[in-house]
Amino acid sequence: MMKIGNVDIKNRIVLAPMAGYTNPAFRRIAKEFGAGLVFSEMISANGLLYDNDKTWELAKTYPEERPVALQVFGGEAETLAEAARLLERKAEFDILDINMGCPVRKVLKANAGCALLKDPKKAAEIVSAVASAVSKPVSVKIRAGFDHKHINCVEIARAVEKAGASMITIHGRTQTDLYRGKVNLDYIRAVKEAVRIPVIGNGDIKSVEDAALMAEVTGVDYLMVGRGALGNPWLIRDMVDYFSGLPLKEPPGFKEKIELCLRHFSLLLEEKPEPVAVMEMRSWTAWYLKGLANIRHARKRLMTVKTKDELIGLLTEIIDIS
């Protein structure tokens, strides 16, 4: 058993926070497939303070997800600290994660996400304020730097550790890279070597081989899988087995993929109104269907599906032709 702060984590495999994807339905599936820790989507600190219903919906968790980390973003220490206090009072979670790694313009405009990498002192002040505001462990997600002329992940990591962070996630790209090019494992290793708190390595894990390489090169404590697990939570299962020294299982068959897609839809329907769940599941279904042959017609029909019965009918037909 491993620990982040006072929270027990059963293995090294972590599901990344992904906007639009890591809602409770997918987090529960990731846990069923063995993930040791799962993260929520990004939650706006301002949205929590304004008592926005949609923002608070992002903070909802289920007991079977635990341990779960809620990730918040914002640009000011006082705002984030107050949001953290509210979350600790009203939500069920185990770790509070501060996003200093989101590269998208909307977040940067709020002086949040990667914008905080430009100011290590402010980053440390935010962590200190949040860690002082709550009893839960506080973690931070960062990138290598804002751009390749300003690679300061080691400086940031040391600053937030000193300010009270219990764990750091490092994505081995810069803000200006967005998601292009290859993740740089040297940056991840440098952060791991610079701090004493646990480090999660993040970026480009799409196979067990990718995870094994990151572990070997960087020595990180935990490995974070993101887009590689969309429609493919079997990757989480395989990573857990690999790092537990167990033989890898057979990859999922056609029918197994569709049956999990149907289960995912049922979990989504528990959380959201049918029209919303159907629209979201159209995107998810495309991920589950990725790589399956002889279903071009089904893919076209998927984009026109509008009701629960239509989607279930389409998926049932796909199982029948498999």
Side-chain angles (χ1 to χ4, degrees), residues 16-17 19 39 41-50 69-87 95-134 136-181 183-184 186-203 224:
F39 279 71
E41 302 178 56
M42 273 194 315
I43 302 169
S44 164
N46 281 327
L48 295 172
L49 297 186
Y50 294 146
L70 295 184
Q71 187 184 80
V72 293
F73 75 95
E76 299 301 327
E78 190 176 321
T79 302
L80 281 160
E82 184 57 34
R85 280 188 282 268
L86 277 175
L87 280 171
I95 296 166
L96 188 63
D97 188 61
I98 303 169
N99 185 300
M100 298 187 186
C102 181
V104 303
R105 190 175 300 170
K106 180 181 175 183
V107 174
L108 298 181
K109 279 185 174 179
N111 295 314
C114 279
L116 294 169
L117 300 179
K118 294 179 176 181
D119 190 344
K121 184 180 177 184
K122 185 176 183 181
E125 287 171 355
I126 284 172
V127 172
S128 178
V130 173
S132 299
V134 295
K136 299 273 199 302
V138 172
S139 62
V140 183
K141 188 172 186 196
I142 66 173
R143 284 194 169 217
F146 196 81
D147 56 40
H148 287 275
K149 292 180 180 178
H150 302 90
I151 301 295
N152 64 344
C153 48
V154 167
E155 181 186 0
I156 292 279
R158 285 176 173 155
V160 299
E161 177 185 38
K162 190 175 180 181
S166 295
M167 184 270 289
I168 295 169
T169 301
I170 164 71
H171 183 114
R173 287 186 175 88
T174 66
Q175 184 280 325
T176 52
D177 289 333
L178 296 175
Y179 298 96
R180 296 184 295 264
V183 71
N184 190 314
D186 292 338
Y187 299 147
I188 297 175
R189 183 179 67 242
V191 167
K192 171 57 188 167
E193 292 173 351
V195 297
R196 294 183 178 182
I197 55 178
V199 174
I200 299 178
N202 178 218
M224 180 176 276

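Positions are given from 1 along the sequence. These values consider heavy atoms only, across backbone and side chains, with no hydrogens, waters or symmetry-generated copies. Since the structure is predicted, the reported quantities are computational estimates derived from the model, not experimental observations.
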Taking only residues two or more places apart in sequence, or in another chain, which ones meet Ala129 in a side chain to side chain contact (heavy atoms under 4.5 Å, CB included)? Ala77, Ala81
Could you work out, with side chain to side chain contact (heavy atoms under 4.5 Å, CB included) as the rule, every residue matching Ala165, not counting sequence neighbours? Val127, Val140, Val160, Ile197
Do Asp147 and Thr174 get their side chains close enough for a donor-acceptor pair, meaning under 3.5 Å? no
Distance-minimising heavy-atom pair for [X] and [Y]:
| X | Y | answer |
| --- | --- | --- |
| Ile188 | Asn202 | CD1-O, 3.8 Å |
| Ile156 | Ala123 | CD1-CB, 4.3 Å |
| Ala45 | Thr79 | CB-CG2, 4.0 Å |
| Ser166 | Pro198 | O-CD, 3.2 Å |
| Ala16 | Phe39 | C-CB, 4.1 Å |
| Gly203 | Val183 | O-CG1, 3.5 Å |

Got a sec, which residues hit salt bridge (Lys or Arg N to Asp or Glu O under 4.0 Å) with Glu41, two or more places apart in sequence or on another chain? none
Run the salt bridge (Lys or Arg N to Asp or Glu O under 4.0 Å) test against Asp186 and tell me which residues pass, sequence neighbours left out. Arg189
Could you name each residue pair satisfying side chain to side chain donor-acceptor pair (under 3.5 Å) that touches residues 117-131, not counting sequence neighbours? Glu76-Lys122
Residues 99-116 vs side chain to side chain donor-acceptor pair (under 3.5 Å), sequence neighbours excluded, gives Gln71-Asn99
Answer yes or no: is there a side-chain heavy-atom contact under 4.5 Å between [X] and [Y]?
| X | Y | value |
| --- | --- | --- |
| Met224 | Pro17 | yes |
| Phe146 | Leu108 | yes |
| Leu117 | Gln175 | no |

How many angstroms lie between [atom1] in [X] and [atom2] in [Y], if you round to the nearest 0.5 Å?
| X | Y | atom1 | atom2 | answer |
| --- | --- | --- | --- | --- |
| His150 | Thr176 | NE2 | OG1 | 10.5 Å |
| Leu70 | Ile98 | CG | CD1 | 12.5 Å |
| Asp97 | Met167 | CG | CE | 5.5 Å |
| Ile142 | Cys102 | CD1 | SG | 14.5 Å |
| Tyr187 | Asn152 | OH | CG | 11.0 Å |

I'd like to know whether Glu161 forms a salt bridge (charged side-chain N to carboxylate O under 4.0 Å, His left out) with Arg158, so could you lay out the CA-CA distance, the side-chain angles of the two residues, the decisive distance to 0.1 Å, and finally the verdict. CA-CA 5 Å; Glu161 177 185 38; Arg158 285 176 173 155; over 6 Å; no
For Gly181, does its backbone N or O pair with a side-chain atom of Arg173 as donor and acceptor, under 3.5 Å? yes
Has Arg143 got a side-chain atom pairing as donor or acceptor with Leu178's backbone, closer than 3.5 angstrom? yes
